Amino acid sequence: MSRFSALCAYTAEVLAFDFAGRAANAPLPLPVEPGAEALAKLTARTLGAFQRSGAARLVLLGVASGALAREVAHELPPGALCVCELDAALARGLRGAGRLEWWNEAGAAGFVADASPWAVLALLESAGFGPGRALVLPNPELPPQAKQALRPLELLLTKSRPVALPELSELAGPPRLSAAAILSPTEPDLPEFFAQFPPWLEELVLVWDAETVPDVTLPHRHFAVRQLARPLDADFSAQRNAMLAACAGEWVLYLDADERLSPEAWAAVPRLCAAGMAGWHFPRVTPYPTPDRALVGFGLWPDIQLRLFRNAPGLAFANPVHERLTGLAGPQALALGLEIEHLSRLRKNEDQLRNKLSGFDLAGAGRVRHALSAEYPSVPRGLVSPSLAPLGRDPLG
(Lines give C-alpha, C1' and ligand atoms only; values in the text may rest on other atoms or scores of the structure.)
Protein backbone atom coordinates (compact mmCIF):
# COMPACT_ATOMS: atom_id res chain seq x y z
CA MET A 1 0.00 0.00 0.00
CA SER A 2 1.40 3.39 -0.99
CA ARG A 3 1.56 6.54 1.12
CA PHE A 4 -1.40 7.89 -0.83
CA SER A 5 -3.70 4.85 -0.87
CA ALA A 6 -6.01 6.24 1.82
CA LEU A 7 -6.10 9.67 0.16
CA CYS A 8 -6.89 8.08 -3.18
CA ALA A 9 -9.79 6.05 -1.77
CA TYR A 10 -11.17 9.03 0.17
CA THR A 11 -11.04 11.46 -2.76
CA ALA A 12 -12.46 8.91 -5.19
CA GLU A 13 -15.49 8.47 -2.93
CA VAL A 14 -16.05 12.23 -2.61
CA LEU A 15 -15.76 12.74 -6.37
CA ALA A 16 -18.17 9.89 -7.07
CA PHE A 17 -20.94 11.83 -5.31
CA ASP A 18 -22.25 14.90 -7.12
CA PHE A 19 -24.35 16.97 -4.74
CA ALA A 20 -25.60 19.10 -7.63
CA GLY A 21 -27.13 16.06 -9.29
CA ARG A 22 -24.95 16.03 -12.40
CA ALA A 23 -23.54 12.80 -13.74
CA ALA A 24 -20.04 12.10 -12.44
CA ASN A 25 -18.46 12.65 -15.86
CA ALA A 26 -20.72 15.40 -17.20
CA PRO A 27 -18.76 17.99 -19.20
CA LEU A 28 -18.02 21.21 -17.31
CA PRO A 29 -16.21 24.40 -18.31
CA LEU A 30 -12.60 23.66 -17.38
CA PRO A 31 -9.58 25.97 -17.01
CA VAL A 32 -7.52 26.34 -20.17
CA GLU A 33 -4.08 24.75 -20.01
CA PRO A 34 -1.12 27.13 -20.39
CA GLY A 35 0.84 27.02 -23.63
CA ALA A 36 4.01 24.96 -23.75
CA GLU A 37 6.37 27.88 -23.11
CA ALA A 38 4.29 29.31 -20.24
CA LEU A 39 3.90 25.87 -18.70
CA ALA A 40 7.66 25.27 -18.84
CA LYS A 41 8.29 28.56 -17.00
CA LEU A 42 5.69 27.79 -14.35
CA THR A 43 7.15 24.33 -13.84
CA ALA A 44 10.69 25.68 -13.50
CA ARG A 45 9.47 28.32 -11.06
CA THR A 46 7.70 25.74 -8.90
CA LEU A 47 10.58 23.27 -8.91
CA GLY A 48 13.04 26.06 -8.13
CA ALA A 49 11.05 27.18 -5.09
CA PHE A 50 10.85 23.59 -3.91
CA GLN A 51 14.57 23.00 -4.27
CA ARG A 52 15.48 26.25 -2.50
CA SER A 53 13.22 25.36 0.43
CA GLY A 54 15.19 22.22 1.24
CA ALA A 55 11.91 20.38 1.94
CA ALA A 56 11.49 16.75 0.99
CA ARG A 57 7.78 17.07 0.14
CA LEU A 58 5.61 19.58 -1.69
CA VAL A 59 1.94 20.48 -1.18
CA LEU A 60 0.46 22.27 -4.19
CA LEU A 61 -2.69 24.23 -3.37
CA GLY A 62 -5.21 24.14 -6.19
CA VAL A 63 -5.20 21.84 -9.18
CA ALA A 64 -6.03 24.63 -11.72
CA SER A 65 -6.05 23.08 -15.21
CA GLY A 66 -4.11 20.04 -14.02
CA ALA A 67 -1.22 20.78 -16.36
CA LEU A 68 1.29 22.09 -13.84
CA ALA A 69 0.48 19.32 -11.38
CA ARG A 70 1.14 16.80 -14.14
CA GLU A 71 4.52 18.31 -15.03
CA VAL A 72 5.67 18.65 -11.42
CA ALA A 73 4.55 15.08 -10.64
CA HIS A 74 6.72 13.84 -13.52
CA GLU A 75 9.76 15.76 -12.26
CA LEU A 76 9.63 14.93 -8.56
CA PRO A 77 10.40 11.54 -6.98
CA PRO A 78 7.37 9.31 -6.37
CA GLY A 79 5.63 10.23 -3.13
CA ALA A 80 7.04 13.77 -2.94
CA LEU A 81 4.00 15.71 -4.26
CA CYS A 82 0.45 16.09 -2.98
CA VAL A 83 -2.11 18.37 -4.68
CA CYS A 84 -5.12 19.81 -2.81
CA GLU A 85 -8.38 21.09 -4.27
CA LEU A 86 -11.41 22.50 -2.42
CA ASP A 87 -13.69 22.48 -5.50
CA ALA A 88 -14.87 18.90 -5.94
CA ALA A 89 -16.85 19.78 -9.10
CA LEU A 90 -13.67 21.06 -10.77
CA ALA A 91 -11.74 17.98 -9.73
CA ARG A 92 -14.54 15.76 -11.02
CA GLY A 93 -14.55 17.57 -14.36
CA LEU A 94 -10.77 17.34 -14.75
CA ARG A 95 -10.86 13.65 -13.94
CA GLY A 96 -13.61 13.07 -16.51
CA ALA A 97 -11.57 14.96 -19.12
CA GLY A 98 -8.52 12.77 -18.49
CA ARG A 99 -6.42 15.59 -17.00
CA LEU A 100 -5.62 13.81 -13.73
CA GLU A 101 -3.79 10.86 -15.23
CA TRP A 102 -0.92 11.43 -12.81
CA TRP A 103 -3.26 10.61 -9.91
CA ASN A 104 -3.78 6.90 -9.34
CA GLU A 105 -3.62 4.18 -6.72
CA ALA A 106 0.07 3.56 -7.42
CA GLY A 107 0.73 6.79 -5.54
CA ALA A 108 3.35 8.62 -7.61
CA ALA A 109 1.58 11.80 -6.47
CA GLY A 110 -1.24 12.34 -4.00
CA PHE A 111 -4.46 14.24 -4.58
CA VAL A 112 -7.00 15.45 -2.00
CA ALA A 113 -10.34 16.96 -3.05
CA ASP A 114 -12.78 18.08 -0.36
CA ALA A 115 -14.66 21.29 0.38
CA SER A 116 -13.47 21.27 4.02
CA PRO A 117 -10.00 22.72 4.76
CA TRP A 118 -10.09 20.71 8.00
CA ALA A 119 -10.51 17.48 6.04
CA VAL A 120 -7.57 18.45 3.84
CA LEU A 121 -5.45 19.17 6.93
CA ALA A 122 -6.31 15.82 8.52
CA LEU A 123 -5.73 13.84 5.33
CA LEU A 124 -2.39 15.54 4.63
CA GLU A 125 -1.32 14.82 8.20
CA SER A 126 -2.22 11.16 7.80
CA ALA A 127 -0.03 10.95 4.68
CA GLY A 128 2.95 12.69 6.26
CA PHE A 129 2.35 16.02 4.48
CA GLY A 130 0.99 17.90 7.48
CA PRO A 131 2.10 21.30 8.80
CA GLY A 132 5.86 21.61 9.13
CA ARG A 133 6.50 18.51 7.02
CA ALA A 134 6.24 19.94 3.51
CA LEU A 135 6.60 23.13 1.50
CA VAL A 136 3.13 24.60 0.84
CA LEU A 137 2.77 26.53 -2.44
CA PRO A 138 -0.32 28.01 -4.10
CA ASN A 139 -0.46 26.74 -7.67
CA PRO A 140 1.11 29.51 -9.82
CA GLU A 141 -1.32 28.58 -12.60
CA LEU A 142 -4.16 30.08 -10.54
CA PRO A 143 -5.43 33.65 -11.04
CA PRO A 144 -5.23 35.96 -7.99
CA GLN A 145 -8.90 35.49 -7.07
CA ALA A 146 -8.55 31.72 -6.96
CA LYS A 147 -5.39 31.99 -4.84
CA GLN A 148 -7.25 34.23 -2.41
CA ALA A 149 -10.00 31.63 -2.06
CA LEU A 150 -7.33 29.12 -1.00
CA ARG A 151 -5.78 31.51 1.50
CA PRO A 152 -7.59 30.06 4.57
CA LEU A 153 -6.27 26.60 3.71
CA GLU A 154 -2.80 28.01 3.13
CA LEU A 155 -2.80 29.67 6.55
CA LEU A 156 -4.10 26.52 8.20
CA LEU A 157 -1.25 24.49 6.74
CA THR A 158 1.53 27.04 7.24
CA LYS A 159 0.63 28.55 10.61
CA SER A 160 -0.13 25.33 12.48
CA ARG A 161 2.41 23.89 14.88
CA PRO A 162 2.56 20.79 17.08
CA VAL A 163 1.55 21.10 20.72
CA ALA A 164 3.76 19.42 23.31
CA LEU A 165 1.71 17.46 25.84
CA PRO A 166 3.00 16.36 29.24
CA GLU A 167 2.96 12.67 30.06
CA LEU A 168 0.43 11.42 32.60
CA SER A 169 3.31 10.54 34.93
CA GLU A 170 4.28 14.23 35.01
CA LEU A 171 0.87 15.43 36.23
CA ALA A 172 0.11 16.06 39.90
CA GLY A 173 -3.38 14.63 39.43
CA PRO A 174 -6.49 14.83 37.26
CA PRO A 175 -7.88 18.26 36.37
CA ARG A 176 -10.88 19.75 38.13
CA LEU A 177 -13.19 18.92 35.24
CA SER A 178 -16.93 19.45 34.91
CA ALA A 179 -18.39 17.16 32.27
CA ALA A 180 -21.71 18.56 31.06
CA ALA A 181 -24.64 17.95 28.74
CA ILE A 182 -28.05 19.29 27.79
CA LEU A 183 -30.41 16.35 27.42
CA SER A 184 -33.95 15.32 26.57
CA PRO A 185 -35.52 12.57 28.70
CA THR A 186 -36.54 10.83 25.45
CA GLU A 187 -32.97 10.44 24.15
CA PRO A 188 -32.11 6.80 23.33
CA ASP A 189 -29.21 4.97 24.97
CA LEU A 190 -28.86 7.30 27.97
CA PRO A 191 -27.35 4.56 30.19
CA GLU A 192 -24.57 4.08 27.62
CA PHE A 193 -24.05 7.84 27.43
CA PHE A 194 -23.62 8.09 31.20
CA ALA A 195 -21.36 5.04 31.35
CA GLN A 196 -18.59 6.73 29.33
CA PHE A 197 -17.69 9.28 32.02
CA PRO A 198 -14.53 8.36 33.98
CA PRO A 199 -14.48 8.24 37.80
CA TRP A 200 -11.86 10.98 38.12
CA LEU A 201 -14.29 13.75 37.07
CA GLU A 202 -15.07 16.43 39.61
CA GLU A 203 -18.72 16.53 38.61
CA LEU A 204 -21.28 15.76 35.91
CA VAL A 205 -23.71 18.59 35.13
CA LEU A 206 -26.97 17.70 33.35
CA VAL A 207 -29.57 20.21 32.13
CA TRP A 208 -32.81 18.48 31.16
CA ASP A 209 -35.31 19.78 28.61
CA ALA A 210 -38.17 19.27 31.05
CA GLU A 211 -40.24 20.95 33.76
CA THR A 212 -38.78 18.66 36.43
CA VAL A 213 -35.71 16.46 36.66
CA PRO A 214 -36.69 13.04 35.24
CA ASP A 215 -36.31 9.83 37.19
CA VAL A 216 -33.27 8.52 35.33
CA THR A 217 -30.91 5.97 36.81
CA LEU A 218 -27.32 7.16 36.76
CA PRO A 219 -24.40 4.75 37.05
CA HIS A 220 -22.54 4.80 40.35
CA ARG A 221 -19.50 7.02 40.12
CA HIS A 222 -17.12 8.76 42.48
CA PHE A 223 -17.99 12.20 41.13
CA ALA A 224 -20.87 14.49 42.06
CA VAL A 225 -23.90 14.78 39.77
CA ARG A 226 -25.70 18.11 39.44
CA GLN A 227 -29.07 18.06 37.62
CA LEU A 228 -31.30 20.94 36.51
CA ALA A 229 -34.64 21.01 34.70
CA ARG A 230 -35.26 23.78 32.19
CA PRO A 231 -37.45 23.66 29.06
CA LEU A 232 -35.36 24.21 25.93
CA ASP A 233 -37.90 26.62 24.40
CA ALA A 234 -36.11 26.55 21.00
CA ASP A 235 -32.99 28.26 22.35
CA PHE A 236 -29.94 26.02 22.51
CA SER A 237 -27.54 28.77 23.55
CA ALA A 238 -29.70 29.68 26.57
CA GLN A 239 -29.72 26.01 27.57
CA ARG A 240 -25.94 25.80 27.18
CA ASN A 241 -25.51 28.96 29.26
CA ALA A 242 -27.57 27.43 32.06
CA MET A 243 -25.32 24.38 31.80
CA LEU A 244 -22.19 26.52 31.91
CA ALA A 245 -23.40 28.52 34.92
CA ALA A 246 -23.84 25.26 36.86
CA CYS A 247 -20.30 24.04 36.18
CA ALA A 248 -17.93 24.55 39.12
CA GLY A 249 -14.84 22.87 37.65
CA GLU A 250 -11.73 24.64 36.42
CA TRP A 251 -12.33 22.97 33.06
CA VAL A 252 -15.54 22.10 31.16
CA LEU A 253 -16.03 19.32 28.62
CA TYR A 254 -19.50 18.98 27.14
CA LEU A 255 -21.08 16.32 24.94
CA ASP A 256 -24.49 15.61 23.44
CA ALA A 257 -26.44 12.46 24.23
CA ASP A 258 -25.57 10.89 20.87
CA GLU A 259 -21.82 11.52 21.26
CA ARG A 260 -19.12 9.32 22.75
CA LEU A 261 -15.46 9.70 23.66
CA SER A 262 -13.42 6.52 23.74
CA PRO A 263 -11.64 5.45 26.96
CA GLU A 264 -8.36 6.37 25.25
CA ALA A 265 -9.65 9.87 24.51
CA TRP A 266 -10.85 10.35 28.08
CA ALA A 267 -7.45 9.19 29.34
CA ALA A 268 -5.79 11.91 27.25
CA VAL A 269 -7.99 14.75 28.56
CA PRO A 270 -5.81 15.44 31.64
CA ARG A 271 -2.81 15.87 29.32
CA LEU A 272 -4.79 18.33 27.17
CA CYS A 273 -5.77 20.37 30.22
CA ALA A 274 -2.11 20.61 31.30
CA ALA A 275 -0.79 21.73 27.89
CA GLY A 276 -1.24 25.48 28.37
CA MET A 277 -4.18 25.92 25.97
CA ALA A 278 -7.39 27.79 26.75
CA GLY A 279 -9.50 25.38 24.71
CA TRP A 280 -9.38 22.21 22.64
CA HIS A 281 -11.26 21.33 19.48
CA PHE A 282 -12.01 17.72 18.54
CA PRO A 283 -12.75 16.11 15.19
CA ARG A 284 -16.21 14.52 15.09
CA VAL A 285 -16.99 11.44 13.00
CA THR A 286 -20.49 10.24 12.11
CA PRO A 287 -20.68 6.47 11.45
CA TYR A 288 -23.18 5.70 8.67
CA PRO A 289 -24.75 3.72 7.04
CA THR A 290 -23.02 1.00 9.10
CA PRO A 291 -20.75 1.28 12.16
CA ASP A 292 -17.67 0.53 10.05
CA ARG A 293 -18.20 3.44 7.64
CA ALA A 294 -18.11 7.21 8.17
CA LEU A 295 -19.82 10.11 6.40
CA VAL A 296 -17.38 12.41 4.60
CA GLY A 297 -17.40 15.35 2.19
CA PHE A 298 -19.32 18.64 2.34
CA GLY A 299 -18.00 19.37 5.85
CA LEU A 300 -19.42 16.15 7.34
CA TRP A 301 -15.91 15.15 8.45
CA PRO A 302 -13.91 16.03 10.46
CA ASP A 303 -16.64 18.43 11.71
CA ILE A 304 -14.38 20.25 14.19
CA GLN A 305 -15.98 20.91 17.59
CA LEU A 306 -14.78 23.11 20.49
CA ARG A 307 -15.75 20.97 23.50
CA LEU A 308 -13.01 21.31 26.15
CA PHE A 309 -12.14 24.71 27.58
CA ARG A 310 -10.93 26.46 30.70
CA ASN A 311 -13.88 27.72 32.76
CA ALA A 312 -13.36 31.47 33.05
CA PRO A 313 -15.46 34.62 33.57
CA GLY A 314 -16.99 36.12 30.44
CA LEU A 315 -17.77 32.86 28.64
CA ALA A 316 -21.17 32.59 26.99
CA PHE A 317 -22.84 30.64 24.21
CA ALA A 318 -24.34 32.65 21.35
CA ASN A 319 -26.92 31.82 18.63
CA PRO A 320 -30.19 29.96 19.37
CA VAL A 321 -29.12 27.13 17.03
CA HIS A 322 -25.63 25.92 16.10
CA GLU A 323 -24.53 27.73 19.22
CA ARG A 324 -20.91 28.72 19.64
CA LEU A 325 -18.83 29.63 22.68
CA THR A 326 -17.71 33.26 22.90
CA GLY A 327 -15.32 35.03 25.25
CA LEU A 328 -12.63 32.37 25.34
CA ALA A 329 -9.24 34.10 25.70
CA GLY A 330 -5.93 32.42 24.99
CA PRO A 331 -4.56 29.89 22.51
CA GLN A 332 -6.74 27.07 21.23
CA ALA A 333 -5.66 23.80 19.65
CA LEU A 334 -6.99 20.79 17.76
CA ALA A 335 -6.68 17.30 19.24
CA LEU A 336 -6.42 15.74 15.81
CA GLY A 337 -5.92 12.21 17.11
CA LEU A 338 -8.94 12.19 19.45
CA GLU A 339 -12.36 11.98 17.85
CA ILE A 340 -15.91 12.40 19.09
CA GLU A 341 -18.07 9.58 17.77
CA HIS A 342 -21.43 10.99 16.66
CA LEU A 343 -24.01 8.18 16.74
CA SER A 344 -27.12 10.12 15.72
CA ARG A 345 -27.54 8.51 12.30
CA LEU A 346 -27.12 4.99 13.69
CA ARG A 347 -29.11 5.26 16.92
CA LYS A 348 -32.14 7.30 15.80
CA ASN A 349 -34.78 6.38 13.26
CA GLU A 350 -35.83 8.68 10.44
CA ASP A 351 -38.75 10.21 12.36
CA GLN A 352 -36.52 10.99 15.36
CA LEU A 353 -33.91 12.59 13.11
CA ARG A 354 -36.50 14.70 11.29
CA ASN A 355 -37.97 15.86 14.61
CA LYS A 356 -34.47 16.84 15.74
CA LEU A 357 -33.89 18.85 12.55
CA SER A 358 -37.31 20.48 12.93
CA GLY A 359 -36.18 21.65 16.38
CA PHE A 360 -33.11 23.21 14.79
CA ASP A 361 -35.31 24.96 12.21
CA LEU A 362 -37.56 26.29 14.97
CA ALA A 363 -34.58 27.61 16.93
CA GLY A 364 -33.26 29.23 13.76
CA ALA A 365 -36.56 31.08 13.23
CA GLY A 366 -36.55 30.22 9.54
CA ARG A 367 -33.05 31.57 8.89
CA VAL A 368 -31.66 28.05 8.39
CA ARG A 369 -33.31 24.96 6.95
CA HIS A 370 -32.04 21.47 7.72
CA ALA A 371 -32.63 18.54 5.37
CA LEU A 372 -32.13 14.84 6.00
CA SER A 373 -30.47 12.99 3.13
CA ALA A 374 -29.57 9.32 2.97
CA GLU A 375 -27.14 9.94 0.14
CA TYR A 376 -23.81 11.29 1.26
CA PRO A 377 -20.35 9.90 0.58
CA SER A 378 -19.03 7.43 3.13
CA VAL A 379 -15.67 5.69 3.52
CA PRO A 380 -14.36 2.88 5.71
CA ARG A 381 -13.73 4.17 9.23
CA GLY A 382 -10.09 3.16 8.91
CA LEU A 383 -9.51 5.89 6.30
CA VAL A 384 -10.31 8.60 8.86
CA SER A 385 -8.98 6.77 11.89
CA PRO A 386 -7.47 9.02 14.57
CA SER A 387 -4.57 6.59 14.82
CA LEU A 388 -3.31 8.15 11.59
CA ALA A 389 -2.81 11.55 13.23
CA PRO A 390 -0.72 12.98 16.07
CA LEU A 391 -2.44 14.06 19.27
CA GLY A 392 -1.97 17.82 19.20
CA ARG A 393 -2.05 20.60 16.61
CA ASP A 394 -2.37 24.33 17.20
CA PRO A 395 -3.98 25.83 14.07
CA LEU A 396 -6.26 28.07 16.11
CA GLY A 397 -4.11 30.10 18.47
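One is the number of the first residue; the rest follow in order along the sequence. From a predicted model like this one, the values you see are computed outputs, not experimental measurements.
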**Message:** Would the distance check show the side chain of Asp209 and the main-chain N or O of Leu183 forming a donor-acceptor pair, the cut-off being under 3.5 Å?
**Reply:** no

**Message:** Looking at every heavy atom in both Ser116 and Gly299, which two are closest together, and how far apart are they?
**Reply:** CB-CA, 4.2 Å

**Complete:** Scanning both residues in full, the closest heavy-atom pair of Ala312 with Leu315 reads O-CG, 3.3 Å

**Message:** Would Arg307 pass as a cation-pi partner of Tyr254, given that its NZ or CZ must be under 6.0 Å from the six-membered ring centre and within 45 degrees of the axis?
**Reply:** yes

**Request:** Write down the atom of Tyr10, the atom of Gly297, and the distance for their closest heavy-atom approach.
**Result:** OH-N, 3.8 Å

**Prompt:** Got a donor-acceptor contact below 3.5 angstrom from the Thr43 side chain to the Val72 backbone?
**Reply:** no

**Complete:** The side chain to side chain contact (heavy atoms under 4.5 Å, CB included) partner of Leu153 among Leu86, Thr158, Leu124, Val136 is Leu86

**Request:** Decide, yes or no, whether a salt bridge links Glu33 with Arg70 under the criterion of side-chain N to carboxylate O below 4.0 Å.
**Result:** yes

**Prompt:** Would you say the side chain of Trp208 lies within less than 4.5 Å of the side chain of Leu228, judging by non-hydrogen atoms?
**Reply:** no

**Item:** Side chains of Leu204 and Arg226 in contact at under 4.5 Å (non-hydrogen atoms)
**Value:** no

**Request:** Look at the side chain of Arg271 and the backbone N and O of Pro166, then say whether any donor-acceptor pair between them is shorter than 3.5 Å.
**Result:** yes

**Prompt:** With a 4.5 Å limit on heavy-atom distance, are the side chains of Leu121 and Phe129 in contact?
**Reply:** no

**Asked** Yes or no on side chain to side chain contact (heavy atoms under 4.5 Å, CB included) for His342 and Asp258, after CA distance, side-chain angles and deciding distance?
**Response** CA-CA 6 Å; His342 185 216; Asp258 54 10; 3.4 Å; yes

**Prompt:** In Å and rounded to the nearest 0.5 Å, what is the SG to CZ distance from Cys273 to Arg310?
**Reply:** 8.0 Å

**Asked** What is the distance from atom CG of Asp114 to atom CD of Glu13, rounded to the nearest 0.5 Å?
**Response** 11.5 Å

**Asked** Any idea which heavy atoms bring Glu141 and Pro34 closest together, and the distance?
**Response** OE2-CD, 3.3 Å

**Request:** Kindly say whether Gly128 contributes a backbone atom to a donor-acceptor pair with the side chain of Arg57 at under 3.5 angstrom?
**Result:** yes

**Message:** With a 6.0 Å cut-off (strictly less than), is the heavy-atom count around CD of Glu101, excluding the residue itself, greater than 12?
**Reply:** yes

**Request:** Tell me whether the centres of the aromatic rings in Phe223 and Trp200 are closer together than 6.0 Å.
**Result:** no

**Prompt:** How far apart are the closest heavy atoms of Val83 and Ala69, and which atoms are they?
**Reply:** CG2-CB, 4.0 Å

**Prompt:** Above 12 or not: heavy atoms from other molecules or residues under 6.0 Å from CD of Gln145?
**Reply:** no

**Prompt:** To the nearest 0.5 Å, what is the distance between CG (Leu168) and CD (Glu170)?
**Reply:** 9.5 Å

**Prompt:** Stepwise, does the side chain to side chain contact (heavy atoms under 4.5 Å, CB included) test hold for Phe282 with Leu272?
**Reply:** CA-CA 11 Å; Phe282 295 83; Leu272 301 182; 3.9 Å; yes

**Prompt:** Is it true that Arg381 and Glu341 have a side-chain N and a carboxylate O under 4.0 angstrom from each other?
**Reply:** yes

**Message:** Between the side chains of Arg393 and Glu125, is the shortest nitrogen-to-carboxylate-oxygen separation below 4.0 Å, so that they form an ion pair?
**Reply:** yes

**Request:** Please tell me if the side chains of Pro270 and Leu171 come closer than 4.5 Å, counting only heavy atoms from C-beta onward.
**Result:** yes

**Asked** Are Leu201 and Leu218 co-members of a hydrophobic cluster defined by side-chain heavy atoms under 4.5 Å apart?
**Response** yes

**Item:** Flag side-chain contact, heavy atom, 4.5 Å: Leu76 against Leu47
**Value:** yes

**Item:** Leu383 and Val296: CA distance, side-chain angles, deciding distance, side chain to side chain contact (heavy atoms under 4.5 Å, CB included) verdict
**Value:** CA-CA 10 Å; Leu383 292 186; Val296 298; over 6 Å; no

**Request:** Report yes or no: do Val216 and Phe193 belong to one cluster of Ile/Leu/Val/Met/Phe/Trp/Tyr joined by side chain heavy-atom distances under 4.5 Å?
**Result:** yes

**Asked** Between the main-chain N or O of Ala318 and the side-chain N or O of Ser237, is there a donor-acceptor pair closer than 3.5 Å?
**Response** no

**Message:** Quick one: does any side-chain atom of Asn319 pair with a main-chain N or O of Val321 as donor and acceptor, under 3.5 Å?
**Reply:** no

**Message:** Show, in sequence, the C-alpha distance, side-chain angles and deciding distance for Gln227 and Val213, and conclude whether the side chain to side chain contact (heavy atoms under 4.5 Å, CB included) test is met.
**Reply:** CA-CA 7 Å; Gln227 300 188 75; Val213 173; 3.5 Å; yes

**Request:** Compute the centroid of each ring, for Phe4 and then for Phe111, and state whether the two points are separated by less than 6.0 Å.
**Result:** no

**Request:** Could you tell me whether a side-chain N or O of Arg161 sits under 3.5 Å from a main-chain N or O of Asp394, the two making a donor and an acceptor?
**Result:** no

**Asked** Hey, are Arg260 and Glu192 close enough for a salt bridge, meaning a charged N less than 4.0 Å from a carboxylate O?
**Response** yes

**Request:** Answer yes if Leu155 and Leu334 sit in the same cluster of Ile, Leu, Val, Met, Phe, Trp and Tyr residues linked by side chain heavy atoms under 4.5 Å apart, and no otherwise.
**Result:** no

**Message:** Just so I know, are the side chains of Leu177 and Glu250 near enough to count as touching, which here means a heavy-atom distance under 4.5 Å?
**Reply:** no

**Closest heavy-atom pair and its distance - Leu346, Pro287** = CG-O, 3.4 Å

**Request:** Report yes if the distance between the aromatic ring centroids of Trp301 and Tyr376 is under 6.0 Å, otherwise no.
**Result:** no

**Message:** Using 0.5 Å steps for rounding, measure from the CG atom of Leu7 to the CG atom of Leu123.
**Reply:** 5.0 Å

**Message:** If you define the side chain from C-beta out and look only at heavy atoms, does anything of Thr46 sit under 4.5 Å from Leu137?
**Reply:** yes

**Asked** Any Lys/Arg nitrogen of Arg284 or Glu339 sitting under 4.0 Å from an Asp/Glu carboxylate oxygen of the other?
**Response** no

**Prompt:** Can a donor-acceptor pair be found between the side chains of Gln239 and Asn241 at a distance below 3.5 Å?
**Reply:** no

**Prompt:** Can any side-chain N or O of Arg230 pair as donor or acceptor with the backbone N or O of Ala242 at less than 3.5 Å?
**Reply:** no

**Pairwise distance SG(Cys82) to CH2(Trp103) - rounded to 0.5 angstrom** = 11.0 Å

**Prompt:** Do you see a donor-acceptor pair shorter than 3.5 Å between the side chains of His281 and Gln332?
**Reply:** yes

**Prompt:** Is any side-chain heavy atom of Leu206 closer than 4.5 Å to a side-chain heavy atom of Ile182?
**Reply:** no

**Item:** Donor-acceptor contact below 3.5 Å, side chain Gln196 vs main chain Glu259
**Value:** yes

**Asked** Do the side chain of Ser160 and the main chain of Leu157 share a donor and acceptor less than 3.5 angstrom apart?
**Response** no

**Complete:** One should read off an interatomic distance between Arg45 CZ and Leu68 CG, to the nearest 0.5 angstrom, of 9.5 Å

